[in-house]
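A quick write-up on the structure given underneath.
Below, each value reflects all heavy atoms present in this structure, side chains not excepted, and no hydrogens, waters or symmetry copies.
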Amino acid sequence: MLKQNMVSPVGDILKFLSILMLLVITVISQPTFAAVEGEPEGVIMKNPGADLWREVRQRNIAIEGISQIKSVDSGILINPEADRWTRFRVDQLVNYAAIILAGLALLLLVFYLLRGKIKVEGGLSRQMLHRFSDYERVLHWTLAIVFLFLAITGLTLLLGRTFLIPLFGQEFFSLLASSSKEGHNLFGPIFFASLIMMILRFVKRNIYEKGDLTWLVKGGGIIGKSHVSGGFFNMGEKTWYWIVILIGLLISVSGLILVSPNFGQGRVIMELSHIVHVISAIILIAVSFGHMYLGSVGTEGALESMKTGYVDVNWAESHHDRWAKECRDNNRVISADKFNRLQGKINSGTEESGSVAVEGNK
Amino acid sequence: MARMKFYCDAERCIECNACVTACKNEHEIPWGVNRRRVVTIKDGQQGERSLSVACMHCSDAPCAAVCPVDCFYTTDDGVVLHDKDICIGCGYCFYACPFGAPQFPENAAFSSRGKMDKCTFCAGGPEDDHSSDEYKKYGRNRLAEGKLPLCAEMCSTKALLAGDANMLSDIYRKRIINRGASVLNWGVNYDKVKLNT
C-alpha cells in the first residue's frame, strides 16, 4: 500500500512528461521531413537475386526453365499449386468427407426410424409386371458392385490413415492400401465401361417428361402420404440416373487422367483432376446412400425389380402409375402362378405337376 | 542436433550436372529416376541462372502430411526419409511436393507407379546402416560414414552446399558480404541513377 502511494505521483509526472515530449517531437520533426522531400532520390537498388527468386517462386507469371533431365515438369523449380493441393487434402478433404458421409448415414438411420418402410398402397396383389430384363439387371449389378468396390478402396486410401492405421497398425494397413490402390486402378476403367453401357441402355427412359414436375412438388411421396404420378421411371429415379451419369463421367475422366501418367500431363493437371475426382466421388457416394436406402429397406417391393426383374402390380401403381396403366392396357400383367413358374418356385400343392415339369426340363 | 539442409548458390552454379551424375552413380539409381536435377531459367538471356534441386528436407514436409500410409519420418538430423516397405506408390507426395522431388520408377503398363524414390541426403533408410537391404532400396548411407551428400561434396564451384543449416547460413552470409559490389554491378543499369552512398 505504502509503495503504491509513493509511486503513483511519480507515474503521473512521467505520463505528463512523455505526452509533452511527444508533442514537442511532432512539432520539431515536421519541417525536417519537408526538407528531405526536396532532395534527389537515392537509387532504387534492384537486387538481381530478388528477381531470380521471384521467378523461381512463380510469383507473377509461370516461368519454366530448362533441364538436362528430360521429363514432364522437370523445368519447373517450384510448383505453387502443390501447397494449395496439400492444404486442401490435409485441412479440408479428409475432415469433410468423414463428416459428410458419417452424418448422412446417421440421418438415413434416423429417417428410417421415424418414417419406417414405405408400404405398397393396398398391400401386395401377387400379380406381377415385367420391369427389367436380365441384361439390365446384370448391367445394374455390375455397375453397383464395381462402384461399391471403388468407393470402399477409395475411402480406404482417403480415410485409412486417420481411422485404420490406429486399428490395424502401419504394416497391415500398407498391405491393405496397396491392394486398394491396385484394385482401384484396375476396376476404374470397368466402371467407365459399364457407365457407358448404362447410358446406352437407359437414356431414353430417363428423359424428363411433363408429369415429373408434379412429382417434385409433392415431394416424391417420401415425405407426405399423397399419391404421386410417375412413368417407367419417376422424377427421383431420373434425377439419380443423371447424377450417376454426369458425376460418373466426371469421376471416370479425371480418374483416367490420374491412372495413366504417361500422356505428358503435368502435376497441376493431376492435382486438379484429383480434386475433381474426389469431390465428385464423395457426392456420388453420398447420393448413392439414398439410392441404396430407398432400393432396399426404404421402400417395400423395390428390391424385387432388380432381384427378379418383376414387380408387384400394386407397387407399380403407387410408384409408376402411368407405366402400370400402360402395361394393363397392353395386357402385360402376369398372374402369380405364372410368375412362380417363371421363377422355378412352387408354393402350393396344386402346382406339383408343374414342379416336376420344371425339374424335368433341367 | 544438426538440422541438415541443402543450399544452391545461384551465382556459382554453372549447370555442369555433375551433382546429378554423382548422385545417380553413388546410389545406383534406376533408369528414368533422378533424385537431383539442374534447372536453368532464362537460358541464353540476360540474368540466366542455374539451380540444382532435389528433396529440400522440409521442416514441415508436405509429402509426409498427405501420405495415405504415413510412411515418412524425419531423422534426428532433420533429414526427411521414407519407408519403401510401407510406401504404396500412390503419387500423392508427388502432387504435394513443390520441388518435384519424389520420383517413381515405371513398374508396369500405363506407367503405373512403383515405390517412390527420392533424395535421402545420403542417409539411407530405416534399415540397419550399411546393410545390403538399405543399399538396394535407398543407396549409400554416407551420413553414417561421417560424410556429407556426394552431390555437394564434389561440386566443383562449391555452389551446392550441404550440411547443418546454421553453418550453411554462415558460409552464404560471408559470400554475400564479400560479393556485395559485384552483385551491384550484375544485371543492373546504373546509367541514369546516382548512387546514394
Side-chain angles (χ1 to χ4, degrees), chain A residues 40-49 51-53 55-56 63-69 71 73-83 85-87 89-90 156-161 165 170-171 173-182 185 258-263 267-268 270-271 274, chain B residues 10-11 15 17 20 32 34 36-44 47-51 53 62-63 65-71 83 85-92 94-100 103-104 106 108-113 115 176 183-184 186-190 193-197:
Chain A
E41 277 181 51
V43 62
I44 299 160
M45 274 282 299
K46 256 188 104 183
N47 182 355
D51 273 350
L52 170 78
W53 294 114
E55 272 161 24
V56 166
I63 281 188
E64 195 169 343
I66 58 148
S67 178
Q68 296 303 310
I69 309 298
S71 64
D73 284 353
S74 67
I76 293 172
L77 278 165
I78 289 180
N79 166 23
E81 299 302 321
D83 188 48
W85 181 83
T86 306
R87 294 271 70 83
R89 182 177 162 85
V90 176
T156 304
L157 290 171
L158 179 63
L159 305 172
R161 178 170 170 174
I165 289 182
Q170 213 180 8
E171 281 186 19
F173 178 70
S174 166
L175 205 67
L176 189 70
S178 184
S179 40
S180 289
K181 176 212 149 195
E182 300 296 343
N185 289 354
L258 289 166
V259 80
S260 49
N262 56 340
F263 293 106
R267 273 175 287 168
V268 176
M270 288 201 249
E271 283 152 10
H274 176 267
Chain B
E11 307 297 325
E15 198 201 353
N17 278 293
V20 180
N34 292 287
R36 180 169 280 288
R37 68 188 195 280
V38 177
V39 178
T40 306
I41 63 171
K42 289 188 172 177
D43 187 40
E48 171 185 330
R49 293 289 185 282
S50 294
L51 285 164
V53 63
C63 50
V66 299
C67 178
V69 290
D70 202 7
C71 77
D83 189 339
D85 294 339
I86 301 290
C87 173
I88 61 169
C90 65
Y92 286 177
F94 174 69
Y95 305 151
C97 178
F99 309 106
Q103 303 281 309
F104 295 88
E106 294 177 13
F110 299 109
S111 301
S112 109
R113 297 184 180 102
K115 289 181 188 297
I176 292 292
V183 168
L184 245 185
W186 210 332
V188 181
N189 185 358
Y190 295 101
V193 286
K194 276 191 291 178
L195 280 174
N196 196 12
T197 42

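- In this structure, CD1 in B:Ile88 is found 6.0 Å from OG in A:Ser178, a value given to the nearest 0.5 Å.
- B:Lys42 has its side chain within reach of A:Glu55: a pair of non-hydrogen atoms, C-beta onward, lies under 4.5 Å apart.
- Neither the backbone nor the side chain of B:Asp83 comes within less than 4.5 Å of any heavy atom of chain A.
- Side-chain atoms of A:Arg89 and B:Tyr95, non-hydrogen and from C-beta on, never get closer than 4.5 Å to each other.
- Counting all heavy atoms, side chain and backbone alike, A:Ile76 lies closest to B:Arg37 at O-NH2, 2.6 Å.
- Between atom OG1 of residue B:Thr40 and atom CD of residue A:Gln68 there is a gap of 7.5 Å, rounded to the nearest 0.5 Å.
- Taking chain B as the reference chain and counting heavy-atom pairs below 4.5 Å, the highest number among A:Val268, A:Leu258, A:Leu176 is found for A:Leu258.
- Residues B:Val39 and A:Ser74 fail the side-chain proximity criterion, which asks for heavy atoms closer than 4.5 Å.
- The two residues B:Ile41 and A:Gly65 make their nearest non-hydrogen contact at CG2-CA, 3.8 Å.
- When side chains are defined from C-beta on, A:Arg161 does not count as touching B:Val69, because their heavy atoms never get closer than 4.5 Å.
- B:Ala96 approaches A:Ala82 most closely through the heavy-atom pair O-CB, 3.3 Å.
- Atom-to-atom distance recorded for A:Glu271:CD and B:Phe94:CZ is 8.5 Å, nearest 0.5 angstrom.
- A distance of 8.5 Å separates CD1 in A:Ile69 from CD in B:Gln103, rounded to the nearest 0.5 Å.
- In this structure, the side chain of A:Arg267 engages the main chain of B:Cys97 through a donor-acceptor pair within 3.5 Å.
- Both the backbone and the side chain of B:Asp70 have a heavy atom closer than 4.5 Å to some heavy atom of chain A.
- Contacts of B:Val66 with chain A are made by both backbone and side-chain atoms, with heavy-atom separations under 4.5 Å.
- A 4.5 Å side-chain heavy-atom check between B:Phe99 and A:Ile78 finds at least one atom pair inside the cut-off.
- Neither the backbone nor the side chain of B:Glu48 comes within contact range of chain A, judged by heavy atoms closer than 4.5 Å.
- Residue contact with chain B, scored on non-hydrogen atoms closer than 4.5 Å, is absent for A:Asn185.
- Contact of B:Cys67 with chain A is made through backbone and side chain together, with heavy-atom distances under 4.5 Å.
- Residue B:Phe104: no heavy atom, backbone or side chain, is found under 4.5 Å from chain A.
- Nearest heavy-atom pair, A:Val90 versus B:Ala65, reported as atom, atom and distance to 0.1 Å: CG2-O, 3.7 Å.
- Note on A:Ile66, A:Leu157, A:Val56: by heavy-atom pairs under 4.5 Å with chain B, the leading option is A:Ile66.
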